[in-house]
Amino acid sequence: CPALPGIKFADVTAETYPLGTKLYYECDSGYTRRSGQYTGIRCRSTEQVASWVYKEFECIDEKTLLSTAPTIELDFTQKPERKIQSPAPQKQENLLEFDQKHFCGPPKTIPHASLSLNKQLYVGQVLHFKCQNGYDKRHPISGTRRCEKVKGKIIWTHLDMRCTNDS
C-alpha cells in the first residue's frame, strides 16, 4: 500500500491485519527489551488459519537490567479466538475474503510494551480513525480507510473526517 496520508489530531487503530503484516513492539519509557530478543511479529498462514507468530520477548525495567527474573516464553503461534465477520459489503472485487484464513486478529499485549503500526501495510488492511481527546469531531465522527487494488492501482479509500479544537 502507498504511504498512509496523515490525519491531524486523530489516532489510528486496526482490528485485523492481512497475511504478511509485520508489527513491532516498542518498550514503554523506562523499560528496554531484554538483550538478544526480537521485537517483531508476523501474520502468517498456519494450518490454513491466519495467526501471529511470536518469538520470546520481554520489556524489563531499565533500573534492573541485570535482573535474574525469568523471561516470558512467547515462542508460539496465536490462534484466532473468533470468526470475524465482514463489514457492510463494499467494492469486494479485488479484496481478500475477510476471515480467519486471510486476516489475523489483534496481537497479544506484552507488559510494558506497545505496538507500532508498521508503515508497510497490505491490500485488504482496514484502519480506523478516531479524534484524540480534547478535539471536536466533525462528521463523520470516526471513519475507516481501506487499502484496495482498483484497476491495477493500489490506493487508500477516501476518508472525509476532520478533528479540530476550533483554535
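For the numbers below, each heavy atom of this structure counts, side chains included, while hydrogens, waters and symmetry mates do not.
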Taking the side chain as everything from C-beta on, heavy atoms only, tell me whether [X] gets closer than 4.5 Å to [Y].
X: D28; Y: S114; answer: yes
X: L19; Y: C43; answer: yes
X: W52; Y: T21; answer: yes
X: P18; Y: V123; answer: no
X: T39; Y: F57; answer: yes
X: K55; Y: Q37; answer: no

Looking only at heavy atoms, which two atoms of [X] and [Y] are closest? And how far apart?
X: M161; Y: A10; answer: CE-CB, 4.2 Å
X: P107; Y: I41; answer: CB-CD1, 3.6 Å
X: T32; Y: C27; answer: C-SG, 3.5 Å
X: T157; Y: R145; answer: O-NE, 2.8 Å
X: C104; Y: A50; answer: SG-C, 3.7 Å

At what distance, to the nearest 0.5 angstrom, does [atom1] of [X] lie from [atom2] of [Y]?
X: K101; Y: E47; atom1: NZ; atom2: CD; result: 13.5 Å
X: L23; Y: L121; atom1: CG; atom2: CG; result: 8.5 Å
X: Q48; Y: H102; atom1: CD; atom2: NE2; result: 9.0 Å
X: I60; Y: Y31; atom1: CD1; atom2: OH; result: 11.0 Å

Of all residues at least two apart in sequence or in a different chain, which pass the side chain to side chain contact (heavy atoms under 4.5 Å, CB included) check with [X]?
X: A14; answer: Y17, Q125, L127
X: Y38; answer: Y24
X: D11; answer: Q132
X: I155; answer: V150, K153

- Query: Are F129 and W156 in one and the same hydrophobic cluster, where Ile, Leu, Val, Met, Phe, Trp and Tyr link if side-chain heavy atoms are under 4.5 Å apart?
  - Reply: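 Yes; W156 is reachable from F129 via cluster members.
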- Identify, with sequence neighbours excluded, every residue that meets ring-ring contact (aromatic ring centres under 6.0 Å, His included) alongside Y122.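 Not a single residue meets the ring-ring contact (aromatic ring centres under 6.0 Å, His included) criterion with Y122.
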- Partner residues of H128 under the ring-ring contact (aromatic ring centres under 6.0 Å, His included) criterion, sequence neighbours left out: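 With sequence neighbours excluded, H128 shows a ring-ring contact (aromatic ring centres under 6.0 Å, His included) to no residue whatsoever.
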- Query: Is a donor on one side and an acceptor on the other found under 3.5 Å between the side chain of R34 and the backbone of E58?
  - Reply: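 Side chain of R34 to backbone of E58: no pair is present.
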